[in-house]
Asks: 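Could you have a look at this structure, given as structure tokens, before my questions?
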Amino acid sequence: MKRLMGWLFDAYAQANALTVWLIDEEGMAHRLTDRLRPSFFVSGTRAELHQVCEWITRAGLPVRLKRAERRDLFARHMLILLEIQVLIPSQYALLVHRIHTTFPSLTLYNADLSISQFYFFERNLFPLAYCEALANESNVIVEIHSDDSRWALDYGVPPLRSMVMQLEGGTPNPNRGQSAPLEITYNDRTYQLPNEDERTTVEWVNAHLTRCNPDVIITRWGDSFILPRLVQAAQRHHLPLHLNRDPNCRTQMRPARSYFSYGRIVHKTMSHTLFGRWHIDLNNAFILDYDLEGAVEVARLTQQPMQQVVRVSSGTGISAMQVATAYHNGYLIPYQKSEPEEFKTARDLLTSDKGGLTYQPITGLHFDVAELDFASMYPAIMARYNVSPETIHCSCCPESRVPEIGYSICRRERGLVPETLAPLIQKRLTYKKRLKQTTDVNEKESYRRRASAQKWLLVTCFGYLGYKNARFGKIEAHEAVTAYGREMLLRAKDLVEERGFRVLHMLTDSLWIQKPGTSDGEYELLTHQIERTTDLPIELEAIYKWVAFLPSRVNPYASVPNRYFGAKRDAELKIRGIEARRGDTPAFIRAAQIELLEEMAQADSRVELAARLPRLLEMVRAYEYQLRAGQVALEELAFTFRLSRAPQAYVVNNLNAIVAREFMRRGVQLEAGESIQYVVTNYRAKIPRERVRAMEFIGEAKNYDAERYVQVLARAVETILTPLGINATMLTDWQKKTLLSRSLQARVVGNPEREYWGPLFEDST
DNA sequence: TCCTCACGGGG
DNA sequence: GTGTACGTGAGGA
């Protein structure tokens with residue numbers, strides 16, 4: 001018998017047991033096995049369940065049958081069920097599938113969890129939990145337990161050995177034509193592949209894997225290019241390939257897919273995951289947003305294996321947390337539906353425009369403005385007001401009503417969603433508090449990363465309530481959250497107005513308010529009062545020297561809610577909706593716009609802004625000169641866009657479609673959801689494909705179209721100078737030197753709010 | 001003028 | 001192993 005202490009690294013079904021990997025303090029990896037008998041449930045009439053039993057007995061399936069009573073979350077009462085305990089965990093999915101296809105009319109529960117989820121739930125464990133295991137001579141776990149908790153604020157991570165595998169040069173997508181030789185890096189040394197011969201390549205990779213014995217293989221384009229090629233080469237030459245640490249396992253491939261998420265098509269390439277070792281492809285990972293430390297936090301919180309965490313969206317994460325809560329509380333877990341898109345019903349259309357509250361801001365430039373933000377408003381509402389799919393329309397609390405829409409909502413029993421969210425909100429709050437208190441740079445970074453990863457789980461939780469394929473979703477719960485949101489924002493509005501503030505703008509969870517001479521103490525008092533009336537946390541997000549709310553480009557007399565920018569007291573910028581915030585804007589244009597705004601952010605008043613106008617105009621002239629002189633690097637000028645469909649499906653022949661089709665013409669297959677970058681080479685060229693060049697083929701481009709980029713720059717400049725009351729004629733005149741900047745300044749100082757002078761460059765509209 | 005198409009948000 | 005909705009602006013036809 002031996003005793004092992006270490007971090008839980010991996011767990012998966014293998015043969016008739018479970019393989020569990022622990023990594024100890026010295027960085028040694030230990031392969032153990034454990035027993036697991038996951039159960040799923042069948043619901044039906046007594047006769048139907050009897051039929052299932054008979055069929056299973058006749059088929060001689062490796063299961064144990066029991067009668068069980070469990071609660072259905074929505075039914076809120078006990079159901080009599082048939083429990084099917086699977087004796088061989090690796091056959092769980094297969095057995096579920098057989099029962100499902102043989103008895104398609106019966107409802108199954110707990111039928112689509114992963115084996116690792118079952119294991120974590122049953123043993124009260126999670127990825128990277130610090131555990132103590134007792135194992136016998138055959139490495140079979142006799143006992144395993146952990147004092148570590150998903151809610152622990154401070155935790156250690158194992159000392160992981162990593163190997164980097166990429167193609168020389170790193171970044172360009174090798175699936176689009178240009179490849180490069182493979183290179184491997186570990187222990188601060190990089191090794192280049194000696195030659196391209198397939199047999200040599202496989203043997204060379206094997207040698208390095210054996211020598212380094214990494215816990216993690218970090219790649220660029222490993223999922224879609226390097227690993228599939230290695231696997232194929234090894235197969236062709238009948239060679240072993242030591243990517244997996246577990247000698248009995250083969251690399252698991254999942255095919256590429258495009259799916260609809262966040263209102264757009266996302267493309268995920270095929271994936272290749274390993275056993276006993278992690279493969280993380282930086283080009284196929286969501287962790288790019290919050291890095292490895294955030295991913296570890298999410299793996300621990302959501303109880304999903306690390307290789308999965310880095311490849312799936314945070315929606316999957318919060319859904320997994322809800323499943324964990326349900327399992328822990330003994331609720332039956334319904335299937336994750338996957339219904340295809342359907343047409344909207346009239347009811348959907350009716351309720352669709354009742355989301356967050358949006359105000360029409362008062363257009364123009366405002367000085368000394370405060371912004372108040374409800375902190376994580378929607379998650380806070382779900383937790384505080386007990387909004388959950390099963391608490392809506394409850395029959396036990398008819399007195400408790402959701403504002404405006406009047407649904408009853410349970411007060412007696414805490415819902416699944418609030419129960420899942422509450423500790424997460426609390427943990428994040430503590431990290432944010434520590435973030436402010438600590439002076440240690442590393443600690444700060446650590447808290448920031450974890451809090452940021454948690455933020456994503458919270459944000460997507462709300463969306464999941466309204467998602468028709470969610471396990472625990474209900475559109476009425478979704479509506480209830482936004483109804484509470486509108487109610488609380490309006491309560492805050494009433495309160496600030498009572499105290500003499502002018503409300504300039506409101507947007508879902510934020511208010512921009514103004515009252516000359518307000519002290520910091522009064523703001524603090526104000527937030528406390530709002531918190532008392534709404535029972536939700538609200539923060540003074542910023543005090544702005546000035547903030548500009550933009551008019552609509554279509555209708556200059558109307559304001560738009562989502563396009564604004566401002567300078568905080570410390571000159572920090574806040575920018576929303578304009579070119580610099582958009583992912584499709586070329587870096588050069590973004591940098592120019594931000595630099596101009598930074599110059600403006602130095603000004604405290606309208607007079608000071610006017611005084612900086614000559615400098616601003618000089619800066620614009622300098623950018624323009626750089627463009628025309630051909631001094632700007634092509635990378636800085638690349639437009640980025642994401643394909644929403646197959647290249648041939650585009651109806652309008654704009655630049656995006658032309659680039660996409662150019663890839664097709666060159667034999668590169670592009671899928672919906674893939675991202676493309678290109679430079680405009682000759683905007684007015686007769687032959688469409690000469691107008692643009694994709695970054696992959698940028699070597700063929702002689703030059704960029706300076707005139708076109710000047711035009712794009714002009715529009716970005718116009719966006720930010722509009723609130724200063726500068727119009728097209730004025731700027732064109734200035735360019736022609738017929739108007740002195742002195743008179744422009746006079747216009748800025750004299751510009752009343754709401755006033756709008758029309759577009760900046762006449763020929764740009 | 002109408003239609004097509006891409007993006008934002010939360011940090 | 002997949003949030004929703006809509007509003008906005010650019011540009012082609």
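Note on naming: letters A, B, ... go to the chains in the order of the sequence lines (proteins, then strands), and numbering restarts at 1 for each one.
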Asks: Counting any heavy atom closer than 4.0 Å, what does A/Phe462 reach on the DNA or RNA strands: base, sugar-phosphate only, or nothing?
Replies: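 Base: the residue A/Phe462, judged by heavy atoms under 4.0 Å, touches a nucleobase.
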Asks: Taking the side chain of A/Asn654 as heavy atoms from C-beta outward, which of C/dG3, C/dG12, C/dG9 is closest to it?
Replies: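 Closest of the options to the side chain of A/Asn654: C/dG12.
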Asks: Using the P atom on both, measure B/dG9 against C/dT2 and round to a whole Å.
Replies: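 Approximately 23 Å lies between the P atom of B/dG9 and that of C/dT2.
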Asks: In whole angstrom, give the distance that lies between atom CG of A/Asn469 and atom P of C/dT2.
Replies: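 Going from CG in A/Asn469 over to P in C/dT2 covers 12 Å.
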Asks: In the structure I gave you, are the side-chain heavy atoms of A/Lys568 and A/Glu541 within less than 4.5 Å of one another anywhere?
Replies: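 The answer is yes, as the side chains (C-beta and beyond) meet within the 4.5 Å cut-off.
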Asks: Only one of A/Glu674, A/Lys268, A/His267 clears side-chain contact (heavy atoms from CB on, under 4.5 Å) with A/Ser258; which?
Replies: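 Going through A/Glu674, A/Lys268, A/His267 one by one, the side-chain contact (heavy atoms from CB on, under 4.5 Å) with A/Ser258 is satisfied by A/His267 alone.
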Asks: So which nucleotide from B/dG9, C/dA10, C/dT8 ends up closest to the side chain of A/Pro561?
Replies: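 Selected nucleotide: C/dT8.
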Asks: Base, sugar-phosphate, or nothing for A/Val266, non-hydrogen atoms under 4.0 angstrom?
Replies: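 Since no nucleic acid heavy atom lies under 4.0 Å of A/Val266, the category is nothing.
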Asks: Assign A/Asn656 to base, sugar-phosphate, or nothing according to its heavy-atom contacts below 4.0 angstrom with the strands shown.
Replies: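 Touches sugar-phosphate only.
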Asks: Side chain of A/Arg708: nearest nucleotide among C/dG9, B/dA6, C/dG11?
Replies: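 From the listed options, C/dG11 comes nearest.
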Asks: Look at all strands and tell whether A/Val651 reaches a base, only sugar-phosphate, or nothing, counting heavy atoms closer than 4.0 Å.
Replies: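 Here A/Val651 touches the backbone only, sparing every base.
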Asks: Hey, does the side-chain of A/Arg581 have a donor or acceptor N/O within less than 3.5 Å of a partner on the base of B/dG11?
Replies: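 Between B/dG11 and A/Arg581, which were checked side chain against base, a qualifying N/O pair under 3.5 Å is present.
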Asks: Calculate the interatomic distance between A/Phe639 atom CZ and C/dA10 atom P; express it in whole Å.
Replies: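 Distance check: A/Phe639 CZ to C/dA10 P gives 12 Å.
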Asks: Just compare C/dT4, B/dA6, C/dT8 and give me whichever is closest to any side-chain atom of A/Arg645.
Replies: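 Out of C/dT4, B/dA6, C/dT8, the nucleotide with an atom closest to A/Arg645's side chain is B/dA6.
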Asks: Name the nucleic acid region contacted by A/Ser313, choosing base, sugar-phosphate or nothing; use a 4.0 angstrom heavy-atom cut-off, strictly under.
Replies: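 If one applies the 4.0 Å heavy-atom cut-off, A/Ser313 turns out to touch the sugar-phosphate alone, with no base involved.
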Asks: Between A/Leu458 (CG) and C/dT4 (P), how many Å, whole number?
Replies: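 Distance check: A/Leu458 CG to C/dT4 P gives 19 Å.
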Asks: Provide, to the nearest angstrom, the distance between the NZ atom belonging to A/Lys468 and the C1' atom belonging to C/dG3.
Replies: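 Answer to the nearest Å: 10 Å.
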Asks: Measuring to OP1 and OP2 of C/dG7, would you say a side-chain N or O of A/Thr358 lies under 4.0 angstrom away?
Replies: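 No, because none of the side-chain N or O atoms of A/Thr358 sits under 4.0 Å from OP1 or OP2 of C/dG7.
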Asks: On DNA chain C, compare the nucleotides closest to A/Arg311 and A/Asn555; which residue's is nearer the 5' end?
Replies: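 Nearest nucleotide further toward 5': that of A/Arg311.
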Asks: For C/dG3, take OP1 and OP2 only and decide whether either is under 4.0 Å from a side-chain N or O of A/Tyr464.
Replies: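 Yes.
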Asks: Let me know the distance between CZ of A/Arg563 and P of C/dA10, rounded to the nearest Å.
Replies: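 For the pair A/Arg563 CZ and C/dA10 P, the rounded distance is 7 Å.
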Asks: Measure from the ring center of A/Phe275 to the ring center of A/Tyr12 and say whether it is less than 6.0 Å.
Replies: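 Yes - the distance between ring centres of A/Phe275 and A/Tyr12 falls below the 6.0 Å cut-off.
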Asks: Would you classify A/Tyr683 as touching base, sugar-phosphate or nothing, given that sugar-phosphate means primed atoms plus P, OP1 and OP2, and contacts are heavy atoms under 4.0 Å?
Replies: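 Sugar-phosphate contact only - A/Tyr683 comes under 4.0 Å of backbone atoms but never of a base.
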Asks: From the options C/dG7, B/dC5, C/dA10, select the nucleotide whose nearest atom is closest to the side chain of A/Arg715.
Replies: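 Selected nucleotide: C/dA10.
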Asks: For the side chain of A/Asp584, starting at C-beta, report the closest nucleotide among B/dA6, B/dG9, C/dT2.
Replies: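 Closest nucleotide to the A/Asp584 side chain: B/dA6.
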Asks: Would you mind telling me which residue lines up with the more 5' stretch of DNA chain C, A/Thr460 or A/Gln360, judged by nearest nucleotide?
Replies: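 Whichever sits nearer the 5' end wins; that is A/Thr460.
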Asks: Which value, rounded to the nearest 0.5 Å, describes the distance between A/Thr420 atom OG1 and A/Gln322 atom CD?
Replies: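 Separation between the atoms: 5.5 Å.
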Asks: Between B/dG8, C/dA13, C/dT2, which one does the side chain of A/Arg582 approach most closely?
Replies: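 Nearest to the side-chain atoms of A/Arg582, counting from C-beta on, is B/dG8.
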Asks: Please state whether the phosphate of C/dA13, meaning OP1 or OP2, lies under 4.0 angstrom from any side-chain nitrogen or oxygen of A/Tyr650.
Replies: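 A/Tyr650 to C/dA13 OP1/OP2: no side-chain N or O under 4.0 Å.
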Asks: Is the shortest side-chain N/O distance from A/Arg448 to OP1 or OP2 of B/dG11 below 4.0 Å?
Replies: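 For B/dG11, OP1/OP2 do not have a side-chain N/O of A/Arg448 under 4.0 Å.
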Asks: Counting distance only, does the side-chain N/O of A/Asp112 pair as donor-acceptor with the main-chain N or O of A/Tyr335 below 3.5 Å?
Replies: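 Not at all, since once roles are kept as given, no pair shorter than 3.5 Å links the two residues.
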Asks: A/Tyr259 has an atom OH; how far is it from atom P of C/dT4, in whole Å?
Replies: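 Atom-to-atom, A/Tyr259 to C/dT4, this comes out as 12 Å.
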Asks: In this structure, how many angstroms lie between the P atom of C/dA10 and the CG atom of A/Leu550, rounded?
Replies: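 A/Leu550 atom CG is separated from C/dA10 atom P by 11 Å.
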Asks: Kindly point out which of C/dA13, C/dT8, B/dC7 is positioned nearest to the side chain of A/Arg642?
Replies: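 Per side-chain heavy atoms of A/Arg642, the pick is B/dC7.
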Asks: Answer yes or no: does a side-chain N or O of A/Ser452 lie under 4.0 Å from OP1 or OP2 of B/dG11?
Replies: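 A/Ser452 to B/dG11 OP1/OP2: no side-chain N or O under 4.0 Å.
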Asks: Can a donor-acceptor pair be found, under 3.5 Å and without considering hydrogens, that links the side chain of A/Glu293 to the backbone of A/Arg450?
Replies: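 Not confirmed, A/Glu293 side chain does not pair with A/Arg450 backbone.
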Asks: Could you tell me the separation between the CZ atom of A/Phe549 and the P atom of C/dG7, rounded to a whole number of Å?
Replies: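 Between P of C/dG7 and CZ of A/Phe549: 19 Å.
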Asks: Does the A/Thr681 side chain pair with the main chain of A/Glu690, one donor and one acceptor, at a distance under 3.5 Å?
Replies: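 Yes, because the side chain of A/Thr681 sits within donor-acceptor range (under 3.5 Å) of the backbone of A/Glu690.
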Asks: Please determine whether a side-chain nitrogen or oxygen atom of A/Arg553 lies at a distance below 4.0 Å from atom OP1 or OP2 of C/dA10.
Replies: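 For A/Arg553, the contact criterion (side-chain N or O under 4.0 Å from OP1 or OP2 of C/dA10) is met.
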